[in-house]
Each structure stands twice: as C-alpha cells, then as structure tokens.
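One structure is given below, encoded as structure tokens.
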Amino acid sequence: MSGPLRPGPSSWRRAASLILAAGGTRPGAAASSLPLPPPPPAEGFRLLLLQRSAKQGFMPNAHVFPGGALDAADRSADWLRLFAPYQGPPRFGLGPEPPRCGTPSPVPPDGDAGALPDDVALRICAIRETFEEAGVLLLRPRGPRPAGVPGEPAPEPGRALEPVRRDARDFLRLCAHLDCTPDIWALHDWSVWLTPFFSHGHGYNRGRRFDTAFYLCCLREPPLVCPDSAEVVGSQWSSPSEATRSLISKEIWLPPPQFYEIRRLENFASLSDLHIFCLDRASEGVERWLPITLLTADGVVQLLPGDELYLKDSDFLEKVLSTEKSIEEVMREGKKFHRIVIHSRHHCSLHVTVQPQYKHIYPKTYVASKSHL
Ligand SMILES: CCCCCC(=O)SCCNC(=O)CCNC(=O)[C@H](O)C(C)(C)COP(=O)(O)OP(=O)(O)OC[C@H]1O[C@@H](n2cnc3c(N)ncnc32)[C@H](O)[C@@H]1OP(=O)(O)O
Ligand SMILES: [Mg+2]
C-alpha cells in the first residue's frame with residue numbers, strides 16, 4: 001500500500017504562522033471600512049484569513065493565516081539589545097521551554113543557531129510576517145512586562161502602518177524606532193505542521209516544504225488590515241463556521257492544516273474561553289505532525305497521529321500510501337480515526353475519534369452535508 005511518488009529533492013524551510021482571533025466589532029478589512037457585524041454569538045470571535053496571490057509558488061490563491069519562512073534576521077543578535085535590559089536569554093520572559101513532541105524536524109539544524117532560542121525567533125517571524133502581509137503590528141512598548149498579565153493581548157495597533165517589505169532587517173529597525181519589541185508574550189504555542197509528501201508531488205509548491213509553527217494570539221477587537229497586495233491579495237475576518245461555509249460554497253480554498261485548525265477552533269464558545277485555554281496549557285508544548293497521505297480511488301486521506309492507519313511517520317517524509325479502494329470503503333473498514341478526508345478541493349471532512357494529547361483539544365468530526373455540495 002505504499003510507494004514513492006516522483007521523489008524529488010524537497011527544499012525544507014522553517015516557518016511560522018499566526019492564528020489571529022479577535023472579538024468585538026471594529027472595522028474589518030481596510031478595503032471595506034464598513035464596521036464588521038459582531039461575530040456570530042455562538043463563537044464570539046473571528047479569525048484573520050489572507051488570500052495568497054495566484055503568483056505564489058506555494059499554495060497560490062489559498063486562504064491562510066498570516067505567516068512566512070524564518071529569516072536569519074529573526075534570530076539576529078541585534079534583538080538582544082532591543083529586548084535588554086528588561087528581557088533576555090535564556091527565555092525572554094516566555095517561561096520554561098515547552099516540549100516539542102511528535103515527528104522530529106526534517107530541517108537540518110541551522111549552522112549558526114543564532115542568538116535567540118527557536119521559539120523566540122519563530123514568534124518574531126510570525127509577528128513580522130503578519131505585519132508585512134496584513135499591516136497588523138503586534139508590538140509592546142519596551143519595558144518590564146506588567147506582572148500577572150501573562151499573554152495579555154498586545155496593545156491594539158493604533159493603525160496599520162505601511163508594512164516593511166522584503167528585508168526582514170527593516171522590522172528590527174522599525175521596532176527600535178518605535179522603542180518597542182514584538183509582543184512575543186501574546187503568542188501562544190498552538191501546533192506544528194509539516195508539509196506532507198503528497199502536496200510535493202502535485203506542484204502545489206514546486207518542491208517547497210515547510211516545518212511550520214502555528215501560534216495563536218487573542219485580540220479584543222479586529223485591527224485594521226492592510227494586505228500587501230503583492231504576496232497577499234485579500235483578507236477577511238471569519239468565524240470558524242463562516243470560514244467553513246465559505247470553503248464548502250467554493251468562495252475560498254483552505255489547505256488542510258487551515259481547515260483542521262478552523263474546525264478545532266469551533267470548539268470554543270468565546271474569545272475568553274480560547275484565551276484561558278491557551279494560558280492553561282502554555283507549558284504543555286505541542287506535537288509536530290507529519291500528515292501521512294493515503295491516495296484512494298476517488299480522493300485523498302491525510303492520516304494524523306493516533307489514526308489506526310498512521311504508521312511510523314519518519315518513514316513517510318518522502319512517500320505515500322495508496323489503495324484501489326474508495327474513500328467510502330476505507331472509512332467503512334476502520335473505526336479509530338484522526339484523519340482529514342479530501343473528496344475534492346472544496347469538499348473536505350474530518351473524522352476524529354481519538355483523544356487529544358498534551359492537554360490540547362481536537363476538532364469534532366465534521367462531514368459537510370450533501371445539501372451544501
Ligand atoms: C494538500 C496540501 C497540504 C499542505 C500542508 C502543509 O503545507 S503543512 C505545513 C504548513 N503549511 C500550511 O500551513 C499550508 C499553507 N501555507 C502557509 O500558511 C504558508 O505558505 C507558510 C506559512 C507555510 C509559509 O509562508 P509563505 O509561503 O507566505 O512564505 P514567505 O512569506 O516567506 O514567502 C512567500 C513567497 O512570497 C514571496 N514574497 C514575499 N513577499 C513578496 C512580495 N512583496 N512580492 C512578491 N513576492 C513576495 C517570497 O519570496 C516567497 O516566494 P518563494 O516561495 O518563491 O521564495
Ligand atoms: Mg508569507
């Protein structure tokens with residue numbers, strides 16, 4: 001049931017992505033200064049989704065959370081001077097380093113590990129990319145962190161400043177100019193996703209693959225958004241149910257990790273429930289997941305850890321599973337599920353019967369009803 005697709009040299013990159021969850025009803029995307037209606041009461045918050053340009057080498061046209069590849073400038077020793085004398089090595093006020101579990105990273109360790117711990121540099125990357133792509137600036141004035149408010153949402157960005165472009169070192173200069181540091185304490189560990197081999201074989205990304213740390217940040221109200229209109233061509237604030245409906249109705253396309261995370265967030269009834277959940281599990285760490293691709297006669301199944309068909313993941317960095325059976329037959333034969341079923345680009349379902357690890361939460365099983373298709 002397994003075999004290599006066109007094995008080609010994967011070029012792995014470290015990356016970070018930021019799930020911005022906002023409550024309240026302030027104006028939405030810059031394009032529409034009309035105030036957003038309050039989020040549906042059932043969820044109490046909305047998520048920022050950015051539409052990638054059609055020219056993107058990886059996931060063109062997809063709606064994703066802000067994010068990008070880790071740049072050397074994100075781990076430069078120059079940050080030490082900006083954080084000092086209030087925060088510094090080893091943890092910059094982040095608390096003990098949470099364990100990274102699951103699949104080991106396929107990205108070879110960086111020669112010059114840089115002056116900052118990985119999870120500080122990745123948070124700076126996520127905040128920089130959110131600023132570059134969406135003009136949302138999550139900074140905190142330099143100074144001792146107010147005690148007793150760990151992870152308090154960053155002070156609202158007064159306005160979306162013109163994003164710095166194309167030189168990550170500009171971001172450090174901007175923070176120094178504003179006498180601020182990136183608000184790394186407002187970002188909570190959420191998940192880590194590896195690009196599965198399958199997408200590699202399908203030209204989604206011409207060999208690019210990412211080891212992406214996802215962080216979650218809660219904001220009281222949605223800040224103004226100013227897409228950079230080069231890498232990102234649009235933006236929207238959507239609640240988990242609104243984003244799911246947009247996918248099913250073919251208004252947007254969500255890659256599997258974004259679909260999974262949006263369904264996971266459907267578990268929370270309010271922004272404060274979500275924020276408390278993040279604070280409560282801060283030291284639990286996160287698992288790095290490599291979805292294992294199962295090609296079936298009529299679609300694709302992305303198997304996740306705990307699923308009865310999930311195998312030793314590190315053997316599947318460069319190969320897939322395949323079967324002549326249909327999705328329906330594969331589903332009928334099993335019962336212990338943790339899988340994303342991709343019937344087609346806009347028709348995805350989630351089957352989850354396993355218990356979460358590390359005090360995290362998993363999405364509920366979600367099957368799009370036939371009437372939506
Ligand atoms: C079935 C598919 C399943 C997929 C599952 C997974 O991937 S799991 C692993 C995580 N993947 C996902 O979450 C899928 C969705 N993808 C993402 O969210 C994102 O792609 C990512 C966070 C992984 C990485 O972020 P980005 O792709 O935005 O990376 P980054 O921002 O660094 O650069 C994007 C590309 O745009 C270019 N670029 C950046 N700014 C630009 C600008 N102003 N004008 C023109 N081009 C620009 C960069 O040079 C780069 O091109 P080059 O790229 O040519 O250098
Ligand atoms: Mg990007």
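Just so you know, ligand 1 is whichever comes first in the structure, and atom 1 is the first atom listed for that ligand. The first residue of the sequence shown is numbered 1, and numbering continues consecutively from there.
Atom CZ of R169 has 12 or fewer neighbouring heavy atoms from other residues, nucleotides or ligands inside a 6.0 Å radius.
Comparing heavy-atom distances from atom 8 (S) of ligand 1 across T293, V232, L194 singles out L194 as nearest. Among R209, Q56, Q258, E231, the residue whose heavy atom lies closest to atom 47 (C) of ligand 1 is E231.
Heavy-atom distances between E133 and ligand 1 reach below 4.0 Å in at least one pair. At a 4.0 Å cut-off, not a single heavy atom of A62 sits close enough to ligand 1 to count as contact. For G67, the heavy-atom gap to ligand 1 drops under 4.0 angstrom. Using a 4.0 angstrom heavy-atom cutoff, K55 does not count as in contact with ligand 1.
Inter-residue side-chain proximity for L47 and S238 is flagged as unmet; no heavy-atom pair is nearer than 4.5 Å.
With the Mg ion (ligand 2) as vertex, E133 OE2 and E231 OE2 subtend 90°, rounded to 10°.
When each atom of ligand 1 is checked for a heavy atom of W193 under 4.0 Å away, the hits are 8 (S), 9 (C). Residue E129 approaches ligand 1 through these ligand atoms, each under 4.0 Å from one of its heavy atoms: 31 (O), 32 (O).
Using a 4.0 Å cut-off between a side-chain N of Lys or Arg and a carboxylate O of Asp or Glu, D211 and R13 do not qualify as a salt bridge.
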